[in-house]
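See structure below.
Note on naming: letters A, B, ... go to the chains in the order of the sequence lines (proteins, then strands), and numbering restarts at 1 for each one.
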There are 2 protein chains.
Amino acid sequence: MSTERMWKDQLYLEFARVGKSLSSPKRLEILDLLSQGPKSVDVLSKTTEMSIANVSQHLQTLLEARLVRFTKKGTFVIYELADPAISDFMLSLHSVCEKQLIEIRRIKAEFLQHNGSAEPIQLDVLLERMERGEVILLDVRPKDEYETDHIPGAISIPIEELEKHLSSLPTGKDIVAYCRGPYCLMSSEAVEIMKTRGINAHRLNEGVHEWRQFTEHLQ
Amino acid sequence: MSTERMWKDQLYLEFARVGKSLSSPKRLEILDLLSQGPKSVDVLSKTTEMSIANVSQHLQTLLEARLVRFTKKGTFVIYELADPAISDFMLSLHSVCEKQLIEIRRIKAEFLQHNGSAEPIQLDVLLERMERGEVILLDVRPKDEYETDHIPGAISIPIEELEKHLSSLPTGKDIVAYCRGPYCLMSSEAVEIMKTRGINAHRLNEGVHEWRQFTEHLQ
DNA sequence: ACGTTATTCAATTGATTAATTGAATTATTG
DNA sequence: CAATAATTCAATTAATCAATTGAATAACGT
């Protein structure tokens with residue numbers, strides 16, 4: 001075996017450190033959740049319905065690949081993505097997956113239909129209507145995710161509090177709800193809640209990262 | 001377990017189909033080689049120094065994830081990337097890996113030093129000098145890779161034929177050699193060969209995909 | 001110092017993966 | 001039709017991985 005072959009093998013072993021992190025559905029979901037903002041093990045455990053020990057083990061794997069880092073806050077260990085570029089990378093991973101695996105589109109379509117979801121508003125149409133002051137953009141993610149990052153001009157009402165705050169929404173404008181992105185159902189559920197109350201509401205498929213990627217492509 | 005949880009699990013299992021493909025160093029190398037153009041199992045086997053049976057099994061995994069597809073040419077099965085977006089994705093995967101894993105830079109630096117490589121020419125400097133007609137850009141990859149795609153203005157002299165063709169190179173201009181990209185040593189070796197013959201030669205770190213990404217960022 | 005909360009570690013178990021080896025298959029040629 | 005070349009398949013083996021369970025650790029509050 002030549003020294004060049006050994007060098008190549010060593011190099012690709014390093015690349016595979018990241019690759020291995022992406023081989024588990026659970027770790028991919030954790031990375032997506034952390035794209036929305038830092039979270040504790042407990043929060044990740046509850047959101048993914050995995051045991052705390054299991055979440056912790058997956059986080060150790062992601063640490064080992066340097067995709068995440070942590071800070072401590074009292075007894076809480078707060079994990080976050082090691083670099084914003086990793087959420088960009090997750091976007092491109094999802095993009096490749098959606099393009100190559102038609103099963104993903106089928107699964108999404110089946111579930112959105114099951115959820116009673118109408119067609120979402122197009123992002124460019126939303127941006128135009130926001131500029132004209134015609135719509136209210138509602139961020140229905142947890143407030144800490146909104147505080148981490150959100151589409152400018154959006155109002156934050158976490159979905160758990162939506163029922164309580166419907167009366168505080170401005171009247172005479174359409175409402176558009178968005179959440180974590182194409183693989184999150186909060187916006188769809190929020191639209192159902194508002195339609196039940198007679199509010200003309202739509203959902204946005206994209207999340208804040210997809211919005212940013214979209215606006216960066218316009219420049 | 002809620003239907004939403006089942007839906008999420010199903011979705012992420014699909015994403016992990018691609019993720020699993022990226023967990024093997026061997027498959028990552030195969031994907032990089034196919035980014036340079038379609039290849040047969042035999043060519044991949046020889047280039048990666050893996051057995052034909054092993055290469056074939058890895059290709060089945062990549063097929064299963066829809067990252068590659070194949071055509072038949074006589075007894076040859078020619079594999080290629082299923083979509084050009086996959087080589088873009090490989091660029092972003094490598095970018096994340098290089099950023100997060102300093103070991104990669106160390107391994108590269110160690111080997112380029114071992115290979116006697118000087119500092120490469122910057123891509124923007126190269127493009128300026130090419131525009132002024134000051135340098136000859138040499139593509140030292142196999143000719144079929146050059147024919148698949150190459151940096152415009154480059155001349156193709158595969159490295160195995162470089163010694164034979166040195167006399168046909170124009171005199172009075174600097175030579176810049178490039179190959180498959182940052183994880184390929186052909187350009188470094190080509191520069192050594194030319195310097196041995198008294199030719200003022202430099203290497204370019206980037207390959208054709210990195211060049212295209214770079215020029216797309218200028219627009 | 002002790003109890004509590006949050007998290008990590010270690011051992012175990014069952015499942016999955018990677019490489020090898022030899023057989024089987026596919027396409028071509030004479 | 002048989003031989004050849006290229007590739008794939010199947011079985012085996014060893015290594016790795018994922019989830020669970022219970023213990024251990026770390027930080028905080030009283």
Round to a whole Å and report the spacing from [atom1] of [X] to [atom2] of [N].
X: B:Leu63; N: D:dT7; atom1: CG; atom2: P; result: 14 Å
X: A:Asp42; N: D:dC28; atom1: CG; atom2: C1'; result: 16 Å
X: B:Leu59; N: C:dA18; atom1: CG; atom2: P; result: 13 Å
X: A:Lys20; N: D:dT16; atom1: NZ; atom2: P; result: 8 Å
X: B:Lys73; N: D:dA5; atom1: NZ; atom2: P; result: 20 Å
X: A:Phe76; N: C:dA6; atom1: CZ; atom2: P; result: 5 Å
X: A:Gln60; N: D:dA19; atom1: CD; atom2: C1'; result: 15 Å
X: A:Asn54; N: C:dT12; atom1: CG; atom2: P; result: 19 Å

What nucleotide among [options] has an atom nearest to a side-chain atom of [X]?
X: A:Tyr79; options: C:dT8, D:dT8, D:dA18; answer: C:dT8
X: A:Lys72; options: D:dA6, C:dT20, D:dA27; answer: D:dA27
X: B:Val77; options: C:dT20, D:dT7, C:dT7; answer: D:dT7

Would you say NZ of B:Lys99 has more than 12 non-hydrogen atoms from neighbouring residues, nucleotides or ligands within 6.0 angstrom?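 Atom NZ in B:Lys99 is not crowded, with 12 or fewer foreign heavy atoms closer than 6.0 Å.
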
Pick the closest DNA chain D nucleotide for B:Phe70 and for A:Ser51 by heavy atoms, then say which residue is nearer the 5' end.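 The answer here is B:Phe70.
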
Could you check whether [X] pairs with [Y] (Lys NZ or Arg NE/NH1/NH2 to Asp/Glu carboxylate O, under 4.0 Å)?
X: B:Lys143; Y: B:Glu161; result: no
X: B:Arg5; Y: A:Glu29; result: yes
X: A:Lys195; Y: A:Glu192; result: no

With a 4.0 Å cut-off on heavy atoms, is B:Ser24 in touch with a base, just the backbone sugar-phosphate, or nothing at all? sugar-phosphate

Does [N] have OP1 or OP2 under 4.0 Å away from a side-chain N or O of [X]?
X: B:Thr75; N: C:dA27; value: no
X: A:His58; N: D:dA19; value: yes
X: B:Arg27; N: C:dA18; value: yes

Quick check on DNA chain C: between A:Gln57 and A:Ile78, whose nearest nucleotide comes earlier from the 5' end? A:Ile78

Any A:Glu163 side-chain heavy atom under 4.5 Å of A:Arg197 side chain: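 Counting from C-beta outward, A:Glu163 and A:Arg197 do come under 4.5 Å.
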
